[in-house]
Amino acid sequence: MLEEKVAAAKSIDSLLKNVIASGAFKLKYRITVNPPARTDQELETPDILVELAGPDSDLLLERGGEMLRSLETIAHESLRLHAEEHSRVAFDCRGYRAARQQELRMAADVAAEKVLRSGVPYSFAPMSSRERRMIHLVFRDHESLTTQSEGEGGRRYVVLYPRDYKPAKRSRR
């Protein structure tokens, strides 16, 4: 299995060399196979971590890390990873990934408080499949709350429900 990870890392290295050279980006990167978990707060540890840095880092992080996510998506596609395997390869720049995980955790805590207090489901804003997965992981073992993804394509989002939630029946007029 390690050989497969090393081969995938070499493929990512080749891809990034081409993208960085073609785009004339001022970026460097480090690819780590089997990186250690950075904190106990981390929701997932990938098999391969790609860390980018350099003068053009700001470009990667604009619009909520859109370009960083795009590079990650290109890598997933080039490796032919299925959606459920996307968490195996992660890209980061200047700690953005850890900060975003912390932000999602805080949003999950606020949502949990609201749902437990009101008994009303809470819908998160649309997010990427990886971020939806993180929200699902936060509540995986929660005794009083459960999650479900809803919506289509780029507008998929997570809804947080009380575990025994039953929607009110609509009256007909």
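- In this structure, I12 and A75 approach most closely via the heavy-atom pair CG1-CB, 4.4 Å.
- Evaluation of the salt bridge (charged side-chain N to carboxylate O under 4.0 Å, His left out) rule for R94 yields D58 as partners, not counting sequence neighbours.
- Taking all atoms of both residues into account, the shortest heavy-atom contact from L145 to A112 is CD1-CB, 3.6 Å.
- Note: D92 CG to L52 CG = 8.5 Å, rounded to the nearest 0.5 Å.
- Inter-residue side-chain proximity for Y96 and L68 is flagged as met; some heavy-atom pair is nearer than 4.5 Å.
- With sequence neighbours excluded, the residues satisfying side chain to side chain donor-acceptor pair (under 3.5 Å) with T147 are H136.
- To the nearest 0.5 angstrom, R140 atom CZ is 8.0 Å from R133 atom CZ.
- Between the side chain of H82 and the backbone N or O of E85 there is no donor-acceptor pair closer than 3.5 Å.
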Please tabulate, for the side chains in residues 59-66, all donor-acceptor contacts under 3.5 angstrom to protein atoms that are two or more places apart in sequence or on a different chain.
none

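- Distance OG1/T73 to CE/M67: 12.5 Å, rounded to 0.5 Å.
- Checked by atom type and distance alone, the side chain of R30 never pairs as donor or acceptor with a backbone atom of E51 at under 3.5 Å.
- Here the closest non-hydrogen pair linking R97 and T45 is NH2-CA, 4.5 Å.
- Sorted by first and then second residue, the side chain to side chain donor-acceptor pair (under 3.5 Å) pairs involving residues 2-26 (not counting sequence neighbours) are K5-N34, D13-K17, D13-Y29.
- Every residue was checked against the side chain to side chain donor-acceptor pair (under 3.5 Å) condition with R156, not counting sequence neighbours, and none meets it.
- A side-chain donor-acceptor contact under 3.5 Å links S128 to the backbone of E131.
- Residues T32 and I48 fail the side-chain proximity criterion, which asks for heavy atoms closer than 4.5 Å.
- Here the CG-OG1 distance, from D164 to T146, works out to 10.0 Å after rounding to the nearest 0.5 Å.
- Side-chain atoms of I31 and L49, non-hydrogen and from C-beta on, never get closer than 4.5 Å to each other.
- For the pair R163 (side chain) and H142 (backbone), a donor-acceptor distance under 3.5 Å is present.
- Applying the ring pair (Phe, Tyr, Trp, His ring centres under 6.0 Å) rule to Y161 yields the partners Y165; only residues at least two apart in sequence or on another chain are considered.
- Remark: R69 pairs with no residue by the side chain to side chain donor-acceptor pair (under 3.5 Å) rule, at least two apart or across chains.
- At a threshold of 4.5 Å between non-hydrogen side-chain atoms, the residues S144 and L116 count as touching.
- Here the side chains of L16 and F91 are in contact, with some heavy-atom distance below 4.5 Å.
- You'll find the side chain of S57 reaches within 4.5 Å of the side chain of L27, heavy atoms only.
- For V120, the side chain to side chain contact (heavy atoms under 4.5 Å, CB included) test picks out S118, with sequence neighbours left out.
- For the pair E150 and Y157, the minimum side-chain heavy-atom distance is below 4.5 Å.
- E72 contributes atom CD, which lies 12.5 Å from atom SG of C93 (distance to the nearest 0.5 angstrom).
- Between the CG atom in L137 and the CE atom in M134 there is a gap of 8.5 Å [rounded to 0.5 Å].
- Under the side chain to side chain donor-acceptor pair (under 3.5 Å) criterion, R132 pairs with no residue at all, not counting sequence neighbours.
- The stretch residues 110-129 participates, sequence neighbours left out, in no salt bridge (Lys or Arg N to Asp or Glu O under 4.0 Å) pair at all.
- Classification of R155 and E152 as a salt-bridged pair fails, no side-chain N sitting under 4.0 Å from a carboxylate O.
- No side-chain donor-acceptor contact under 3.5 Å links Q148 to the backbone of V159.
- Nearest heavy-atom pair, I135 versus A108, reported as atom, atom and distance to 0.1 Å: CD1-CB, 4.2 Å.
- For F124, the ring pair (Phe, Tyr, Trp, His ring centres under 6.0 Å) partners are Y122, not counting sequence neighbours.
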